[in-house]
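Below is one structure, written out as structure tokens; the observations come after it.
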Amino acid sequence: MNDTSKCYGHVTAKIINKNGEKSVIDFKNAVLVGGRAELVKVLANKIGATYEQFVSRMIFGDGGTDGGNVRYVDADRTGLFGLTRASKPVVASIDATNTTQVTFTSVLGFDDANGYNLSEMALVLNNDILYSMATFSPLSKTSDIQIVWNWRVNLL
């Protein structure tokens, strides 16, 4: 049996300032046990009466740090550390040259989540189970910036 199959992800955010300045941040994520369990259900055709095992949105919060340190995301987590400050739909696209990779894109517009120091986010399945989660250094969200999030997930 080959036990090298893995699922991992990487998040990239393009921050666009109203004055035209752009910057990029990126970081890794943790694929959660709940998300992996949902994938197993799909493979075993144990999905129930309705199919809900797809990523439908990204959620964002400001509880990803503790005392200035980025919190560790244990794979057993089932929710953000803090409150959800924004929930945005995603657009999914499968890479044409790597069919085991999907990218989920979501946009926090100029009017979304203003006044919060965002420091955590998660991909949420349509049945409200978190698939994966990431914490990062706080990002002060104001009406002066829009953020385009790209969350790439690879199945190896």
Side-chain angles (χ1 to χ4, degrees), residues 3-15 24-95 98-109 111-141 145-156:
D3 62 353
T4 61
S5 295
K6 294 184 182 189
C7 187
Y8 70 95
H10 194 86
V11 180
T12 302
K14 184 176 185 181
I15 303 166
V24 175
I25 59 172
D26 60 60
F27 44 88
K28 294 180 181 181
N29 78 141
V31 178
L32 305 175
V33 170
R36 287 185 246 159
E38 292 299 304
L39 286 177
V40 169
K41 288 179 187 176
V42 170
L43 294 173
N45 197 25
K46 302 291 182 187
I47 57 175
T50 58
Y51 181 72
E52 298 182 312
Q53 286 83 359
F54 61 93
V55 174
S56 61
R57 63 191 188 280
M58 277 184 209
I59 59 173
F60 304 87
D62 56 3
T65 60
D66 182 22
N69 297 314
V70 175
R71 294 180 190 250
Y72 174 77
V73 178
D74 186 277
D76 290 325
R77 284 210 63 80
T78 59
L80 296 178
F81 290 101
L83 298 175
T84 298
R85 300 301 185 180
S87 177
K88 302 297 285 186
V90 298
V91 173
S93 57
I94 297 172
D95 188 312
N98 180 359
T99 57
T100 64
Q101 177 176 288
V102 60
T103 300
F104 300 98
T105 301
S106 191
V107 177
L108 278 176
D111 295 327
D112 295 319
N114 291 329
Y116 295 108
N117 289 317
L118 301 177
S119 58
E120 61 182 334
M121 61 190 298
L123 289 177
V124 183
L125 300 175
N126 201 49
N127 59 4
D128 292 325
I129 292 175
L130 269 57
Y131 173 76
S132 58
M133 184 175 164
T135 55
F136 49 95
S137 294
L139 174 63
S140 180
K141 178 62 177 77
I145 61 172
Q146 171 177 281
I147 308 169
V148 178
W149 298 92
N150 288 299
W151 195 317
R152 187 179 68 240
V153 174
N154 291 289
L155 301 173
L156 297 177

**Prompt:** If we only count heavy atoms from C-beta on, is the Phe60 to Tyr116 side-chain gap below 4.5 Å?
**Reply:** no
**Message:** Are the side chains of Val153 and Tyr131 in contact, using a 4.5 Å heavy-atom criterion?
**Reply:** yes
**Straight-line distance of Asn150 CG to Ser93 OG, nearest 0.5 Å** = 8.0 Å
**Item:** Other residues, nucleotides, ligands: >12 heavy atoms within 6.0 Å of Asp111 CG
**Value:** no
**Prompt:** Within a strict 4.5 Å, meaning less than it, do heavy atoms of the Asp112 and Ile147 side chains meet?
**Reply:** no
**Prompt:** Taking the side chain as C-beta and beyond, is there a heavy-atom pair between Val148 and Thr105 under 4.5 Å?
**Reply:** yes
**Asked** Do Leu130 and Arg77 touch side chain to side chain, with heavy atoms closer than 4.5 Å?
**Response** no
**Fill in**
Between the CG atom in Leu83 and the CZ atom in Arg85, the distance rounded to the nearest 0.5 Å is 4.5 Å
**Message:** Determine whether a donor-acceptor pair (N or O, by modelled atom type, separation under 3.5 Å) exists between the side chain of Arg71 and the backbone of Gly63.
**Reply:** yes
**Asked** Going through the distances and angles, do Asn98 and Asn154 end up as a side-chain contact (heavy atoms from CB on, under 4.5 Å)?
**Response** CA-CA 9 Å; Asn98 180 359; Asn154 291 289; 3.8 Å; yes
**Prompt:** Between Met121 and Phe27, which heavy-atom pair has the shortest distance, and what is it?
**Reply:** SD-CZ, 3.9 Å
**Request:** Output the distance between atom CG (Leu139) and atom CD1 (Ile25), rounded to the nearest 0.5 Å.
**Result:** 5.0 Å
**Asked** Any donor-acceptor pair under 3.5 Å linking the side chain of Glu120 with the backbone of Gly82?
**Response** yes
**Request:** Would you indicate whether the side-chain heavy atoms of Met133 and Leu80 approach each other to under 4.5 Å?
**Result:** yes
**Prompt:** In Å, rounded to the nearest 0.5 Å, how long is the span from NZ of Lys141 to CG of Asp62?
**Reply:** 13.5 Å
**Request:** State, to 0.1 Å, how close Phe136 and Leu118 come at their nearest heavy-atom pair, and which atoms those are.
**Result:** CE1-O, 3.3 Å
**Prompt:** With no hydrogens and no angle check, do the side chains of Ser87 and Arg57 hold a donor and an acceptor under 3.5 Å apart?
**Reply:** yes
**Request:** Measure across Phe81 and Gly64 and return the closest heavy-atom pair with its distance rounded to 0.1 Å.
**Result:** CD1-CA, 4.5 Å
**Message:** Just so I know, are the side chains of Leu108 and Gln146 near enough to count as touching, which here means a heavy-atom distance under 4.5 Å?
**Reply:** no
**Prompt:** Mind checking whether Leu125 and Phe54 have side chains closer than 4.5 Å, heavy atoms only?
**Reply:** no
**Request:** Please report the closest heavy-atom contact between Val33 and Asp76, naming both atoms and the distance.
**Result:** CG2-OD1, 3.3 Å
**Complete:** When every non-hydrogen atom of Pro138 is compared with those of Ser119, the smallest separation belongs to CA-CB, 4.1 Å
**Prompt:** How long is the gap from CH2 on Trp149 to CG on Asp26, to the nearest 0.5 Å?
**Reply:** 10.5 Å
**Prompt:** How many angstroms lie between atom NE2 of His10 and atom CZ of Arg152, to the nearest 0.5 angstrom?
**Reply:** 6.0 Å
**Item:** Ala134 to Asn29 - nearest heavy-atom pair and separation
**Value:** CB-CB, 3.9 Å
